[in-house]
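See structure below.
Please read these numbers as outputs of a predicted model, since none were measured by experiment.
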Amino acid sequence: MKRHLSLLSSLVLLAACVLNAQVTTTAPVKFKQPKTKIDSFKGSVVNCTSVAITVRSAADANTIRTFSYSALLLRKMENRRMEKEAKVEVKYEHMSDIAVELKGKILK
């Protein structure tokens with residue numbers, strides 16, 4: 001009987017050690033965010049407000065696009081404006097109408 005109890009207690013001890021070994025955690029997996037592709041659109045300003053800009057293409061006079069500002073550009077353009085017919089280059093996120101950067105004469 002003693003031998004049976006010692007065998008049983010050693011099995012319980014072994015099971016406890018195995019269970020503790022299975023609970024270990026691994027380091028978190030880190031994923032790199034893909035960089036968004038930036039495209040550009042050149043033209044002249046048709047309308048510029050504090051939240052969006054409308055630009056007529058320099059290459060094709062029939063092409064007009066409206067871009068809303070990203071959060072950073074929205075803060076920058078808060079109290080600024082651009083004159084009509086001013087030359088501008090709009091840098092925007094690929095496959096969207098969100099302007100990331102404006103190159104041109106920005107007035108206060």
Side-chain angles (χ1 to χ4, degrees):
M1 182 87 168
K2 278 186 170 183
R3 186 172 174 197
H4 187 61
L5 284 176
S6 66
L7 182 61
L8 184 63
S9 63
S10 63
L11 284 175
V12 169
L13 188 65
L14 181 64
C17 291
V18 170
L19 288 176
N20 284 339
Q22 292 176 355
V23 180
T24 59
T25 58
T26 61
V29 178
K30 295 180 181 178
F31 292 102
K32 288 186 178 180
Q33 292 292 332
K35 293 192 177 190
T36 57
K37 185 177 177 186
I38 303 295
D39 293 332
S40 65
F41 186 80
K42 293 182 181 180
S44 58
V45 176
V46 174
N47 189 21
C48 182
T49 64
S50 60
V51 293
I53 187 168
T54 304
V55 181
R56 182 182 312 270
S57 173
D60 182 16
N62 293 326
T63 304
I64 297 177
R65 292 187 64 182
T66 301
F67 299 96
S68 58
Y69 301 140
S70 66
L72 294 174
L73 191 57
L74 186 65
R75 280 188 234 122
K76 180 182 175 183
M77 293 296 291
E78 199 168 74
N79 295 321
R80 297 176 181 207
R81 61 185 175 85
M82 293 187 80
E83 290 183 354
K84 289 185 178 183
E85 300 300 321
K87 301 294 180 200
V88 66
E89 180 180 359
V90 180
K91 302 265 184 173
Y92 64 97
E93 295 175 3
H94 183 69
M95 299 293 290
S96 74
D97 287 333
I98 299 173
V100 179
E101 182 182 348
L102 292 177
K103 288 189 177 181
K105 190 173 181 182
I106 301 172
L107 306 172
K108 287 189 177 187

Donor-acceptor pair, side chain of Arg56 and main chain of Ala61, under 3.5 angstrom
yes
To the nearest 0.5 Å, atom CZ of Arg75 lies from atom OG of Ser70 at 8.5 Å
I need the minimum non-hydrogen distance between Tyr69 and Cys48, along with the two atoms involved.
OH-SG, 3.5 Å
Using a 4.5 Å cut-off on heavy atoms from C-beta on, say whether the side chain of His94 contacts that of Thr36.
no
Does any part of the side chain of Val51, heavy atoms only, come nearer than 4.5 Å to the side chain of Leu74, both counted from C-beta?
yes
Tell me the closest heavy-atom pair linking Thr66 and Ala52, and the distance in Å.
CG2-CB, 4.3 Å
So OG1 of Thr49 and CZ of Arg81: to nearest 0.5 Å the spacing works out to 13.5 Å
CG on Asp97 to CZ on Arg65, rounded to 0.5 Å:
5.0 Å
With hydrophobic residues grouped by side-chain heavy-atom distances under 4.5 Å, do Val55 and Val100 end up in a single group?
no
Should Met82 and Leu102 be marked as a side chain to side chain contact (heavy atoms under 4.5 Å, CB included) after you check the CA-CA gap, both sets of side-chain angles, and the distance that decides it?
CA-CA 10 Å; Met82 293 187 80; Leu102 292 177; 4.3 Å; yes
To check you understand the geometry: which heavy-atom pair defines the closest contact between Ser50 and Glu78, and what is its length?
CB-O, 4.1 Å
With side chain to side chain contact (heavy atoms under 4.5 Å, CB included) as the criterion, how do Ile64 and Thr54 come out once you've worked through the C-alpha distance, each side chain's angles and the decisive distance to 0.1 Å?
CA-CA 7 Å; Ile64 297 177; Thr54 304; 3.4 Å; yes
Might you point out which heavy atoms bring Phe41 and Ser57 nearest each other, and give the distance in Å?
CZ-CB, 3.6 Å
Contact between Val45 and Ile53 at the side-chain level, heavy atoms closer than 4.5 Å - yes or no?
yes
Identify the two heavy atoms, one from Ala99 and one from Phe67, that lie closest to each other, and give their separation to 0.1 Å.
CB-CB, 3.9 Å
Rounded to the nearest 0.5 Å, how far apart are OG of Ser40 and NZ of Lys91?
5.0 Å
Taking all non-hydrogen atoms of both residues into account, name the closest pair between Leu73 and Glu101 and its distance.
CD2-N, 4.0 Å
